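To start, the structure under review is shown below, and the notes come after it.
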Amino acid sequence: MSPFEALQLPNGQVLANRIAKAAMEENMADARQAPSRELKQLYKAWADGEPGLLLTGNVMIDRRAMTGPGGVALEDEQHLASFREWADIARAKGVHFWVQLNHPGRQTMANLGQQALAPSAVALDLGGFSKMFAKPKAMTEDDINDVIQRFATSARLAEQAGFTGVQIHAAHGYLLSQFLSPLSNQRTDRWGGSLENRARLLVEVITAVRASVSPGFCVAVKLNSADFQRGGFDAADARAVVELLNTLPVDLLELSGGSYEAPAMQGEARDGRTLAREAYFLEMASELAAIATMPVMVTGGIRRLPVVQQVLDSGIAMAGIATALTLEPQLIKHWREGRDLNPQLQPIRWKRKPLASLATMAVVREQLRRLSRGRLPNPSVAPLLALVRDQWFIARRTRQYRAAMTQSSQ
Ligand SMILES: Cc1cc2nc3c(=O)[nH]c(=O)nc-3n(C[C@H](O)[C@H](O)[C@H](O)COP(=O)(O)O)c2cc1C
């Protein structure tokens, strides 16, 4: 199987090749949480690189529940024209462009000033950094139904705007992933306890989303192959969820791993397990792909074409790439033309792991901001400088967000 061979999805849609630009939160919404000019410029750079699939960074289903202060929210028709312009960028190139839909649950910064919702009132444990996150309230049945409806509404709006699919984010410790994990979901009602109960919200969201869009519109899911935390969502849970998803109309299943507490998606396991140096989740993903009836994509630590080939040779339909595409946005096109590129960041080996993790994100986000202004990437930026700049940027966006939310509530 060549990385440049097309892939037909269960709903009949065809992706032009087997490499996707994976979701990366951009924090580049305008003051109304709609797509900005910079955001569109960034996606033009990626669409020009002709990936088989372009995924947005997570787009919020509720502007009160943000993964970051500069995130895009799609909850009503108010800014549909701007979303349409965003979708058109990829459509002009014939590239599939899907919106990743997300709700952060308890992974919400406290300084955004909103009440965080979660399956149970269990706060994030990030040691000395825990206070930076909002204390969550356990969701009521009404809160849960509202979330299901919001996923469905955002998906319908994404289709109306001209996107060709949505990806439901059920990985990385966000709300749907919190419901799946017995550590964060301690409910005793029909939404907690057994795996079937913990997966109920994901199943209901997929069902509601599918019912709100047309059959040719793609519906995908991003799931953890494991949370990499003792007592958390593990490989056996992931297998059981895949069996459940097999009974639903899911067009692509992306596998990743980890959460804010255990950022395995950055290649770090906290449960003592050693992750592979490249394609971190490949072994677990190929086991899951063997039982999945829909095509599977794996993301995490892929930056070389031979590794993409290894992914495909392991029975996986697609490879997702995030970081490497911020260093070389046209990587896929270059590979197809025979150029042997291997864009890579220097690992940050600071003792304080959460800080090193923030710095890694900051270095990547610096590349996103450069690309959004039509500049070239600068992978050799000093991590500390990138971190300071990123914190300044986030603080400014936080002030803007709080002011906008106060204004809209008056
Ligand atoms: C700056 C940044 C933002 C990210 N935002 C998202 C996101 O919005 N949604 C998501 O599912 N994953 C997000 N990720 C994780 C990536 O999709 C991917 O799973 C992870 O970076 C590992 O892939 P890579 O090694 O190719 O970077 C983000 C990663 C980075 C570096």
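Side-chain atoms are counted along with the backbone in the values below, which use heavy atoms only and exclude waters and symmetry mates. In this text the structure is predicted, and so the values were computed from the model without any measurement.
Inter-residue side-chain proximity for Ile291 and Arg239 is flagged as met; some heavy-atom pair is nearer than 4.5 Å.
Separation of the Tyr260 and Tyr174 ring centroids falls under the 6.0 Å cut-off. The aromatic ring centres of Phe163 and Trp86 sit less than 6.0 Å apart. Aromatic pair Phe281/Phe228: centroids less than 6.0 angstrom apart.
Open room surrounds CD on Glu283; 12 or fewer heavy atoms of other groups in view lie less than 6.0 Å from it. For NZ of Lys40, the number of neighbouring non-hydrogen atoms (other residues, nucleotides, ligands) closer than 6.0 Å is greater than 12. Annotation: Glu196, atom CD; neighbour count of heavy atoms from other residues, nucleotides and ligands within 6.0 Å does not exceed 12.
Arg106 has no carboxylate O lying under 4.0 Å from a charged side-chain N of Asp125, or vice versa, which leaves the two without a salt bridge. In summary, Asp30 and Arg37 do not engage in a salt bridge, as defined by a charged side-chain N under 4.0 Å from a carboxylate O. Note on Glu75 versus Arg63: salt bridge recorded, some NZ/NE/NH1/NH2 to OD/OE distance being below 4.0 Å.
The ring-ring contact (aromatic ring centres under 6.0 Å, His included) with Phe97 is formed by just one residue from the set Tyr43, Trp46, Phe83, Phe217; it is Tyr43.
At distances below 3.5 Å, at least one donor-acceptor pair connects side-chain atoms of Ser314 with backbone N or O atoms of Gln310. Judged purely by atom type and a 3.5 angstrom limit, Ser408 uses its side chain to pair as donor or acceptor with the backbone of Met405. Between the Gln107 side chain and the Gly173 main chain, a donor and an acceptor come within less than 3.5 Å of each other.
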